[in-house]
Amino acid sequence: MDVSHIFEQLNEAQRSAVASEPGPLLVLAGAGSGKTRVLTYRVAWLVQVRNVSPLSILAVTFTNKAAQEMRGRIEGILGYPVGGMWMGTFHGIAHRLLRAHWREAGLAQGFQILDSDDQLRLVRRSLKQLNLDEGFWPPKSVQWFINAHKEEGRRPEGIPESQDAQQRELLRIYKTYEELCQRFALVDFAELLLRAFELVKHNELLRDRYQQRFRHLLVDEFQDTNAIQYEWLRLLAGQQRNIFVVGDDDQSIYAWRGARVENILQFEKDFPGTTVLRLEQNYRSSGTILEAANAVIDHNRGRLGKRLWTADEAGEPLRRYAAYNDIDEARFVVDRIQSWVDAGNLRSEAAVLYRSNAQSRVFEEVLLNAGMPYRVYGGLRFFERAEIKDALAYLRLITSRQDDPSFERIVNMPTRGIGNKTLDQVREHARINQTALWESALAQIHSHQLTKRSALALGKFIDLINALATDTQGLPLADRVDVVLQRSGLLQHYRKEKGEKAEARVENLEELINAGRNFDHDIDDDGDALASFLAHAALEAGDAQAEEWEDCVQLMSLHSAKGLEFPLVFLTGMEEGLFPHQRSLQEPGRLEEERRLCYVGMTRAMRQLYVTHAEVRRLHGRESYTSPSRFLGEIPKQLVDEVRSGFTLRPAVEAEAAAGGSGDADGMRLGDRVHHRKFGDGVVLSIEGRGQYTRVQVNFETGGSKWLVLAYANLDVL
DNA sequence: GGGTTAACCTTTTTT
DNA sequence: AGGTTAACCC
């Protein structure tokens, strides 16, 4: 077999990973070292060289995006589709297992998935059922408590009785919540993983079967696995131990939601004889950027040890800008992006990164003013919008009548005369008889315990759902969605509402029909299209904004930037209390995670990296004075150029500029009048950088201020 | 049943 | 501040 087409694309270390013998393998892959490449080529290697059937490969990632990308790249190398290969997120694969073995897993056949929003509602309901006050038991913390235990694999029964009364009460809520989930045939995200784990742990037959089936396991972003995911992997790896994991301890930024970096260390212990390989050559960033990032991450203790290097040249220095306030910071960033675009680059090559999503607003305002197209990642996503969740609730109730949260959501949406009083009666009946609302409603109608009017309204709702279920059965998915939207009155309800928001809602609902149409086309399993669609909606909430083809500036949090790269990166809001975040300052562990986050941010940059902070920042409606982030101090000074706007230039640079620097600045001074062939006459506002990278900001009489690279601009001093 | 007001909360995010 | 949600009134 000629494997040159595989090997040609890889360096030495990557090759040894890709072509390693079967058995446990741990690849410590630094940022930009070709991690995804190694994974994809490993699969290609197994299939083409080792003649492994794609059917016996299981590849796991954390995000749907990563899974899709990997599948695409593998198919690109192989030249044919590998539909039979199990490849997806932990949650997606767990879901698939549970659908196939719902009985063994102790679930109802039509079980539905709770997203975190739904979960919070159900927590609230559990509190209500126990007569607990939300003020004293914040639903968010309860949700947190439940998820943390599930992620560690602990059921309520497995948690030892605590001396602490509060702990005992939390446990009682956890128990109630679980009962409700079971009664309503609902499974939350953590539960998907836990059930799938318990399924293979307790069911020997199934365990054997899947160990036989999955001869080769591959895991991406291994540092992000939590306890239960890791245990599940260990079970599946079985005696064959063909498990290939790739990760980077320096990029572990999800410990706050249960990820365990320690799994990397544990791996070698649990799989004796593990081959450990390091990928340390970076193909992404310039030497300077890499050196700066390395210097920062060096301040962390307890690293596995790894030092990225690059064959690339040093490139440009980092640039640091101290803004007066957050608005000034945003203006500076947008100004620099404008120059970048003026120099013939793409807007989409520029990324603005921040610690918390709230910071995006100021940037959006300034970008909007500048008329520069942008795209914000994060925020409300398609399947999380209220109107979409309404529509989905109808579809879910059609699929599973026990789904109480869906029932509650739409029983009076749009309003159909079923008020709180009626509902309270139904709820009470359901509580006493421990049934779902649906059955309770039926019983109440038949036992004539409701007023005539209520019974009639409720009966109409019941009939509607039943009719929607039977009448649309067998129809193509998109048509089913369409009919439901029409006959439920949802579409009409939003149509008669006025305002831009309502219009957007109608559009979204129409888009949902479209989504159904597209989904129908590439449905892979034989099962019920509607059920798969609902699972898809829960597991893959979709993007915040539809895929835009327009060339856009990219705005996102540091967390969502992981795995991406951009030629031009702005790391903004580098201030103590914001980044590192206030709530991370107490614990050293948290602080190290913040530093890793900083490292992740810096290593996104390929050619230019700006770090900015504001002296004054408006946050939660209050203005506060800030001090620069400690991380800024951890970047070696000689790698950074300080940028000052206006006439306040750093003395050293000013002197250099005044003296003609190393001849580069052409004796140009601040305030000099200059002439440019295209832009005409203007005044020099600032000078920055050294050598071939010297740039000047010129305020032109026509066309405003522009940043120009001195070496190319051909400016004449007047 | 719909609209208005008061209270609340606020890290990061995927699933 | 801003946005959401729960409580409240017509």
Of A/Q119, A/Q143, A/R125, which is the lone residue that meets side chain to side chain donor-acceptor pair (under 3.5 Å) with A/Y177? A/Q119

Expressed as a whole number of angstroms, how long is the span from A/D220:CG to B/dT15:P? 13 Å

Would you please confirm or rule out a distance under 4.0 Å between OP1 or OP2 of B/dT15 and any side-chain N or O of A/R381? yes

Under the ring-ring contact (aromatic ring centres under 6.0 Å, His included) test, residues paired with A/H91 that sit two or more places apart: A/F189

How long is the line joining CD1 of A/I113 and P of B/dT14, in whole Å? 17 Å

Using the salt bridge (Lys or Arg N to Asp or Glu O under 4.0 Å) rule, take A/E428 and A/R431 through it: C-alpha gap first, then chi angles, then the decisive distance, then the call. CA-CA 5 Å; A/E428 184 62 12; A/R431 197 178 61 80; 3.0 Å; yes

Please tell me if A/S116 has a side-chain N or O lying less than 4.0 Å from either OP1 or OP2 of B/dT13. no

Under 4.0 Å: is that the gap between some side-chain N or O of A/R257 and OP1 or OP2 of B/dT12? no

Specify the residues of residues 351-358 of chain A, ordered by number, for which at least one heavy atom lies under 4.0 angstrom from an atom of DNA chain B. A/R355, A/S356, A/N357

Could you check which of B/dG2, B/dT15, C/dA1 has an atom nearest any side-chain atom of A/T415? B/dG2

Examine the side chains of A/D390 and A/Y494 and answer whether a donor and an acceptor come within less than 3.5 Å of each other. yes

When the distance from NZ of A/K140 to C1' of B/dT13 is rounded to whole Å, what number comes out? 13 Å

Nearest nucleotide by nearest heavy atom, which residue falls closer to the 5' end of DNA chain B, A/I418 or A/L539? A/I418

Contact between A/V376 and A/N357 at the side-chain level, heavy atoms closer than 4.5 Å - yes or no? no

May I ask you to decide if the ring planes of A/Y610 and A/F570 are parallel, tilted or perpendicular, using 30° and 60° as cut-offs? parallel

Using the six-membered base ring of B/dT12, report whether A/W256 stacks on it, requiring centroids under 5.5 Å and planes under 30° apart. yes

Phosphate contact (B/dT15 OP1 or OP2) by A/N64 side-chain N/O below 4.0 Å: yes

Hey, are the side chains of A/T89 and A/L539 touching, using non-hydrogen atoms and a 4.5 Å cut-off? no

What nucleotide among B/dT14, C/dA1, B/dT12 has an atom nearest to a side-chain atom of A/T63? B/dT14

Give the nucleotide from the list B/dT15, B/dT13, B/dT11 with an atom nearest to the side chain of A/H581. B/dT11

Please report the distance, rounded to the nearest Å, between OH in A/Y254 and C1' in B/dT11. 12 Å

Base, sugar-phosphate, or nothing for A/N412, non-hydrogen atoms under 4.0 angstrom? sugar-phosphate

Figure out the CZ/P separation between A/R583 and B/dT11, and round it to whole Å. 5 Å

Just how far, in rounded Å, is C1' of B/dT13 from CD of A/Q229? 14 Å

Looking at A/M70, A/R71, A/M87, which one forms a side-chain contact (heavy atoms from CB on, under 4.5 Å) with A/T61? A/M70

In the 5'-to-3' direction, what one-character label does each nucleotide of nucleotides 5-10 of chain C receive under the scheme B = base within less than 4.0 Å of a protein heavy atom, S = sugar-phosphate only, - = no such atom? ------

If the plane angle is over 60° it's perpendicular, under 30° parallel, otherwise tilted; pick one for A/H149 and A/F145. perpendicular

Separation of B/dT12 atom C1' from A/L619 atom CG, nearest Å, is 14 Å

Do A/F382 and A/L512 have side chains that approach each other closer than 4.5 Å (heavy atoms only, starting at C-beta)? yes

Rounded distance (Å) that lies between atom P of B/dT15 and atom NE2 of A/H559: 14 Å

